[in-house]
Amino acid sequence: MAFLASIALVGCVATSGGSTVSLTKQDLVHHHYNLESVNGELVTDLLGVNLNEQKRPDIEFQEGFRLAGIAGCNRFFGQGELSNGVLKMLPGGSTMMACQPELSKIEQTVLNVLNEGAQVTAFENKLTLKAQSGELVYVLADYMH
């Protein structure tokens, strides 16, 4: 699956005063986020069930700014870049398992948003990716607090 050709995301983080500053790699690296909603609908409502935390759609910013996660039911990974407020993922790889229809729809939206590029905003414990093809809201779910 060659869906990971690149991701262009403009990065901003909202502060408590309402102003914005550019995100840095250090703001994102070592953080893990679970997908909470797609286009304003909670993932649990879209699926009709709660997902096991290990199988939940997510995104992780790893050491060396590698990006990894689960788009719907398939895992993806690739090298990330953040320059001038733009986050990109270089061509990477993914698994290619068949998904249940509801997860497949979520996965397609996630991949469309990531391939298209999305405006990135962060506020408190949420990371939002907003693109023409959809809006994804992730909630901070770091493994260690």
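Scope of the values below: all heavy atoms of this structure, side chains included, with no hydrogens, waters or symmetry mates.
The NE2 atom of His30 sits 10.5 Å away from atom CG of Asp142, with the distance rounded to the nearest 0.5 Å. In this structure, the separation between CG on Asp58 and CG on Asn34 is 5.5 Å, given to the nearest 0.5 Å. The CZ atom of Phe77 lies 12.0 Å from the CG atom of Leu67; values are rounded to the nearest 0.5 Å. The distance from the CD atom of Gln108 to the CG atom of Leu103 is 13.0 Å, given to the nearest 0.5 Å.
Between Glu135 and Thr128 there is a side-chain heavy-atom pair separated by less than 4.5 Å. Cys73 places a side-chain heavy atom less than 4.5 Å from the side chain of Glu107. Looking only at side-chain heavy atoms (C-beta outward), Leu46 and Glu102 stay at 4.5 Å or farther from each other.
Side-chain polar atoms of Asp27 and Thr24 form a donor-acceptor pair below 3.5 angstrom.
Under the 4.5 Å side-chain heavy-atom criterion for ILVMFWY residues, no single connected hydrophobic cluster contains both Leu140 and Val137.
With His32 contributing its side chain and Glu60 its backbone, the two residues share no donor-acceptor pair below 3.5 Å. Distance alone, capped at 3.5 Å, is enough to place a donor-acceptor pair between the Asn74 side chain and the Met96 backbone. Without hydrogens or angle criteria, Ser104 side chain to Cys99 main chain gives no donor-acceptor distance under 3.5 Å.
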For this session: Could you check Leu42 against Glu36 for side-chain contact (heavy atoms from CB on, under 4.5 Å), going step by step and ending with a plain yes or no?
Result: CA-CA 6 Å; Leu42 293 175; Glu36 179 183 60; 3.8 Å; yes
For this session: Go through the steps to decide whether Phe61 and Ile59 satisfy the test side-chain contact (heavy atoms from CB on, under 4.5 Å), and finish with yes or no.
Result: CA-CA 7 Å; Phe61 299 88; Ile59 191 165; 4.2 Å; yes
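Heavy-atom minimum distance, Gly64 versus Gln79: O-NE2, 2.7 Å. Across every non-hydrogen atom of Leu127 and Ala122, the tightest pair is CD1-CB, 4.0 Å.
For the pairing with Ile106, the side chain to side chain contact (heavy atoms under 4.5 Å, CB included) check across Leu35, Leu111, Ile70 returns one residue only, Leu35.
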